[in-house]
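As the structure lists them, so they are numbered: ligands from 1, and atoms in each ligand from 1. Since the model is a prediction, treat every value here as computed from it, not as a measurement. No hydrogens, no waters, no symmetry mates; every other heavy atom, side chains included, goes into these values.
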Amino acid sequence: MLLAAAAACRSALRGRLLHTTAAAATSSSGVEGLQRRYSNLDQLEADAKHLLTPQAYGYYASGSDDQWTLRENKEALQRYRLLPRMLVDVSNVDTSTTLLGQHLASPILFAPMAQQRLCHPEGELAMARAAAASGLPYILSTMATSSIQEVSDAVAAPSAAGGAAEGLAWDPNLWFQIYVLKRRDVTEMMVNEVTRLGYKALVVTVDAPRLGNREADERNRYSLPPHLSLKNLELITKAAATTEGVATDGSKFGRHFSDLFDQQLTWDFIPWLKQASPLPVLLKGILSPDDARRAVELGVDGIILSNHGGRQLNFAPAAVDMLPSVVAAVGGRVPLLVDGAITRGTDVIKCLALGASAVLVGRPLLWALTLGGQRGVEEAVEMLRYELELSMALLGVQNVEQISSDFVIPPRGGHLDIPTAQR
Ligand SMILES: Cc1cc2nc3c(=O)[nH]c(=O)nc-3n(C[C@H](O)[C@H](O)[C@H](O)COP(=O)(O)O)c2cc1C
Ligand SMILES: CCCCCCC(=O)C(=O)O
């Protein structure tokens, strides 16, 4: 009896949300507000899961091996505490910041994530439009289900179908994430294409010479549905007669994509990329201070501390825990960004207090896209931005620059000495 009631409830919920998602796909308005249905970003996953196939959900949600690092990302953030200051005038709190000379409405970027059309028909297009409407950078993955050109076109101007909700500015800021392929010529074509189309930065992911062991994908025999394809890899077939290494049959998912990536990639790629494009270059997936120092010495423009959402090396530390030592190694020479399980305004504050310039948010945006399309993502981002603004007021700071290590208490009550000037 109880089980039947639960099933009926689930099916009603699924119906409601499916309807909502379908509406989001076809219309720019009329989406039942995410903000009315959910209080925070942590609540989105459970409902999004019901709308996704088990294969898609498994691919999005899972980490590698037994997922210790995936769990650690959240737990590490929760070990830091915040020390507020009182009697500060916080009648105006400004969440905006500047990164690499670019204005951001808040210190938040859309993490690169492959295959976004698995959760919504407009996939990367809807996500990139939501970023433009929110005044935040959107990082397009090499492994996207929309092409570099399609995403550029999608944000070129706010349209009736895909424009910003009332009151939101339209500030497209596209970055491109590079997986360096064995086919270096194709990587070069992508770099040329994004440079030509006005993308504003390149993010080279360096923690994935091979894909981590995602057991859910193996169990689910995960593969991309036949109506979708990895659009940027089509450049390979356009560029050359051979299609070697580009089939997207995913039954041997990890091994297959490992075949595409260049396992011989080393540090000499950075000077190569710097001469190939005038765009700023950031490395994503750095965790050790030594690597960070070396990257700076080779002229990178920024570093993204990340363990890839716990999807690559299991037992890699949470990026947030590596921030203090990487900050010391980098000494303020380039901006440091960080990601991993950031869902709360206080998570953003902790990362900034530990020396990050900004954070990347990943999975919560996929759940928001699943539940509400472009508008859903805009609302999710606004929920996070508002939490950030409120928490800044309660912390006693008026702007992002004022957030320093003075406001954070590390796990064992130790002292952090990170001058704000190093951010
Ligand atoms: C489904 C999925 C796909 C991803 N695809 C990419 C990718 O193509 N390139 C990349 O550099 N990182 C990729 N990542 C890692 C994210 O950019 C990010 O580092 C990670 O998800 C941490 O953020 P989160 O904990 O907020 O999800 C992916 C993550 C997920 C969950
Ligand atoms: C469809 C190919 C998947 C490439 C890897 C994307 C990724 O980084 C991930 O974590 O998944």
About how many Å separate [atom2] of [Y] and [atom1] of [X], when rounded to the nearest 0.5 Å?
X    : Y    : atom1 : atom2 : result
D291 : S288 : CG    : OG    : 3.5 Å
L51  : T370 : CG    : OG1   : 7.0 Å
E387 : N40  : CD    : CG    : 6.5 Å

Proximity flag D339 to ligand 1, non-hydrogen atoms under 4.0 Å: yes
- prompt: In this structure, which one of Q312, Q177, H308, K284 forms a side-chain hydrogen bond (donor to acceptor under 3.5 Å, both in side chains) with T205?
  reply: Q177
If you count the atoms of ligand 2 from 1 in the order shown, which ones are under 4.0 Å from a heavy atom of [X]?
X    : value
R311 : 9 (C), 10 (O), 11 (O)
L211 : 5 (C)
A114 : 6 (C)

Is there a polar contact, in the sense of an N or O pair closer than 3.5 Å, between [X] and ligand 1?
X    : answer
Y179 : yes
M113 : no
A114 : yes
G362 : yes

Among [options], closest by any non-hydrogen atom to [atom]:
atom                    : options          : result
atom 30 (C) of ligand 1 : Q116, R311, R363 : R311
atom 28 (C) of ligand 1 : A111, P112, A56  : P112
atom 9 (C) of ligand 2  : Q177, M113, R214 : R214

Salt bridge check, [Y] against [X]: does any charged N sit closer than 4.0 Å to a carboxylate O?
X    : Y    : answer
R363 : D339 : no
R79  : E72  : yes
K74  : D347 : yes
E389 : R385 : yes

Of all the non-hydrogen atoms in the protein, which one sits nearest to [atom], and at what distance?
atom                    : value
atom 11 (O) of ligand 1 : T205 OG1, 2.6 Å
atom 8 (O) of ligand 1  : S141 OG, 2.6 Å
atom 25 (O) of ligand 1 : A341 N, 2.8 Å

query: Within less than 4.0 angstrom of ligand 2, does Q312 place any heavy atom?
result: no
query: Is the gap between the ring centers of Y57 and W367 under 6.0 Å?
result: yes
Taking 4.0 angstrom as the limit and counting only heavy atoms of [X], give me the atoms of ligand 1 inside it, by number and element.
X    : result
Y59  : 1 (C), 3 (C)
S306 : 19 (O)
Y60  : 1 (C), 31 (C)

- prompt: Counting only N and O atoms by type, is there a donor-acceptor contact under 3.5 Å from the side chain of S391 to the main-chain atoms of L388?
  reply: no
Within reach of ligand 2, part of L224 (heavy-atom separation under 4.0 Å): neither
field: Structural part of Q115 in contact with ligand 2, heavy atom criterion under 4.0 angstrom
entry: side chain
task: Report the part of K284 in contact with ligand 1, treating N, CA, C, O as backbone and CB onward as side chain, heavy atoms under 4.0 Å; options are side chain, backbone, both, neither.
output: side chain
- request: Determine, for Y59 and R311, whether the Lys NZ or Arg CZ falls below 6.0 Å from the six-membered ring centre while staying within 45 degrees of the axis.
  value: yes
field: Side-chain heavy atoms of L174 within contact of P137, under 4.5 Å
entry: no
message: One pair to check against side chain to side chain donor-acceptor pair (under 3.5 Å): Q102 and W175. What are the steps and the verdict?
response: CA-CA 12 Å; Q102 303 167 11; W175 295 18; 3.1 Å; yes
